[in-house]
Amino acid sequence: MDTKAFKRSLQQSENYHRKGFGHEAEVTQVMQTAYQSSLIQEIRDNNYRLERGDVTIRLAEAFGFCWGVERAVAIAYETRQHFPTERIWITNEIIHNPSVNQHLRDMAVGFIAVNSGEKDFSVVDSGDVVILPAFGASVQEMQLLNDKGCKIVDTTCPWVSKVWNTVEKHKKKDYTSIIHGQYKHEETVATSSFADKYLIVLNLEQAEYVSDYIINGGDRHEFLAKFSKAYSAGFDPDVDLARVGIANQTTMLKTETEQIGKLFEKTMMRKFGPDKLNDHFLSFNTICDATQERQDAMLSLVEEKLDLMVVIGGFNSSNTTHLQEIAVDRTIPSYHIDSAERILPGNRIEHKPLGADLAIAEGWLPEGKIVVGVTSGASTPDKVVEDAIERIFHSSIVAVG
C-alpha cells in the first residue's frame, strides 16, 4: 500500500480535521479549571521546592503535560463542542491518563472496545465522528474509518508524525526500519503500519542480539521466534537486515535510543566497511523534545539527596514507566501511582513496582525529616500532581500523629 499517497488523500478530504474548530477560548477555560494547579505554580516559583512540617517536596524541573498532549486533549474537547449532537468515538485512550479519559467519557465520548486483542469498529456508523489519539492510529484503522464515511479528527502528536515521515524515507530507499519500542504499544503499532519492512526491538539487549546476527549470522528460526509479533510479514533476517534505518517510539528512554542508533551504525560499518555505511544505514533524530526534557530533569533530580521518589502517571504510560526506571536504577525507594487515591490511610500506598503488578507498601513514609522527589509523565495534569502532593503532606502528619 502507498501509505504516503493514502495519507495525502485523506488529509485533502472534507471529512478530515487536523486542527481545532475555533473554540479555543471556551476549551482553555475548561482545561484550566480541570487540569491546572495554583499549588504547582507556587512550587515552581519557589525553585521547585515546598516544605511543610517534616516533609520537603522536591519537584522535577520538567514534568507533566507536554505540548503534544495538551494539544490533543484540547482538540478532543473542541470536537465535542463543535459536534454537540453527533456520536463521537475515540480509537483508544486520548492519552495514558485515567482522569483525562474519564473526563471525555463524562462528555459522552465513546471508546472503541477491544475484544480478544482486536478493536471492534462495528459500533461506528457513517457520519460518526472519530478522534485519533495523541499517539496516532494505524494506516489500516484510518482507511477503515475513511471507507465508513466517518468524520476523522486527528490529534496525532507532530513528533509522532515526524517518526512516520522517517519510516516513509526508509521505505522509499528499501531500508528495513528498526523501531525502538514496544510492539504492542499503540504508537509503535501505528508507526510500523507506515513501514514496508520493520523489526521492533524493545531494548539495547535485543538490539545487541540483532547486531550479532548481522555480523556473525545465526539460527534463523531462533531469531524469528525471539521477535515473534515484532516484525513485518515475510521478514527474513538473512535478507532484510542488510540495509537498516532507525526509528523509535517517542516515549522510550532517550539514552537507550541513542545507544541503539550508535550500535547499528557501528555494526553496518563493521559489516560493510566505513565507505559503504551510507548505503546500509540511515538515522534521523526522532527523539521527542518533551520526553527528553522530562528524562533529563529526572536524571538531575535523582542526583540530589532524596529519601524516596513518587512518580505520577498512567500505569500504561511508557514515558512515565521510564521515569520510574531512572529512580530504580539509582536504588531510590520509588512509588509509581496514577492518582492521589493510591495514597491510602495508615501510611500505606498502592503502587506499581517496575515490571510487576499493583502492590500495597506499608509504612512507606519514613519518620523524621524527609525529602520526597516528585515527577509526573507527559500525560499527567498538574491538578493530579497537586492532589498527590497534598495527600503526601496529610499522610505524613497522620503518620507522625
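All values below come from the heavy atoms of this structure, side chains included, with hydrogens, waters and symmetry mates left out. All values reported here derive from a predicted model rather than from experimental measurement.
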Can you find a pair of side-chain heavy atoms, one from Leu132 and one from Leu145, that are under 4.5 Å apart?
yes

Any side-chain heavy-atom pair of Leu104 and Phe111 under 4.5 Å
yes

Polar contact flag, side-chain donor to acceptor under 3.5 angstrom, Asp45-Gln41:
yes

So which pairs with a foot in residues 72-87 pass salt bridge (Lys or Arg N to Asp or Glu O under 4.0 Å), sequence neighbours left out?
Arg87-Asp125, Arg87-Asp128

Going by heavy atoms in the side chains, are Leu354 and Glu325 under 4.5 Å from each other?
yes

Using side chain to side chain donor-acceptor pair (under 3.5 Å), reason through Gln102 and Asp106 one step at a time and then give a plain yes or no.
CA-CA 6 Å; Gln102 187 57 50; Asp106 294 343; 2.9 Å; yes

Residues Thr251 and Ser318: side-chain donor-acceptor under 3.5 angstrom:
yes

Please report the shortest heavy-atom distance between Tyr35 and Val73, naming the atom on each side.
CE1-CG1, 4.1 Å

Applying side chain to side chain donor-acceptor pair (under 3.5 Å) to Tyr213 and Glu222, what does each step give before you reach the verdict?
CA-CA 11 Å; Tyr213 194 96; Glu222 178 188 273; over 6 Å; no

For the pair Lys383 and Ser99, evaluate side chain to side chain donor-acceptor pair (under 3.5 Å) and give the outcome as yes or no after the intermediate values.
CA-CA 10 Å; Lys383 185 66 171 65; Ser99 65; over 6 Å; no

Between Asp196 and Tyr175, is there a side-chain donor-acceptor contact under 3.5 Å, judged purely by atom types and distance?
no

Of all pairs that satisfy ring pair (Phe, Tyr, Trp, His ring centres under 6.0 Å), the ones with a partner from residues 287-323, not counting sequence neighbours:
Phe315-His336

Checking the side chain of Lys162 only, and the main-chain atoms of Asn285 only, is there a donor and an acceptor separated by less than 3.5 Å?
yes

What residue pairs, at least two apart or across chains, pass side-chain hydrogen bond (donor to acceptor under 3.5 Å, both in side chains) with a residue in residues 263-280?
Ser211-Thr267

Identify each donor-acceptor pair in which a side-chain atom of residues 24-32 lies under 3.5 Å from a protein atom, sequence neighbours left out, and give them as a table.
unit_1, atom_1, unit_2, atom_2, d
Thr28, OG1, Glu24, O, 2.7

For residues 301-313, tabulate all N or O donor-acceptor pairs below 3.5 Å that involve a side-chain atom, not counting sequence neighbours.
unit_1, atom_1, unit_2, atom_2, d
Glu304, OE1, Arg58, NE, 3.0
Glu304, OE2, Arg58, NE, 3.2
Glu304, OE2, Arg58, NH2, 2.8
Asp307, OD2, Val371, N, 2.7

Under the salt bridge (charged side-chain N to carboxylate O under 4.0 Å, His left out) test, residues paired with Glu141 that sit two or more places apart:
Lys119

Walk me through it: do Met269 and Phe281 pass the test side-chain contact (heavy atoms from CB on, under 4.5 Å)?
CA-CA 9 Å; Met269 198 180 302; Phe281 178 76; over 6 Å; no

Give a yes or no on whether Lys4 atom NZ has more than 12 heavy-atom contacts from other residues, nucleotides or ligands under 6.0 Å away.
no

Decide whether Asp154 and Thr156 meet the rule of one side-chain donor and one side-chain acceptor closer than 3.5 Å.
yes

Check this for me: Asp357, atom CG, are more than 12 non-hydrogen atoms of other residues, nucleotides or ligands nearer than 6.0 Å?
no

Does Val100 reach the side chain of Pro381, with side-chain heavy atoms less than 4.5 Å apart?
yes

Do Arg71 and Pro158 have side-chain heavy atoms sitting under 4.5 Å apart?
yes

Under 30°, 30 to 60°, or over 60°: which ring-plane class applies to Trp364 and Tyr335, parallel, tilted or perpendicular?
perpendicular

Between His96 (side chain) and Asn316 (backbone), is there a donor-acceptor pair under 3.5 Å?
yes

Taking atom CD of Glu362 as the centre, does the number of heavy atoms from other residues, nucleotides or ligands within less than 6.0 Å exceed 12?
yes

So, the side chain of Gln249 versus the backbone of Gln182: is there a donor-acceptor pair under 3.5 Å, distance only?
yes

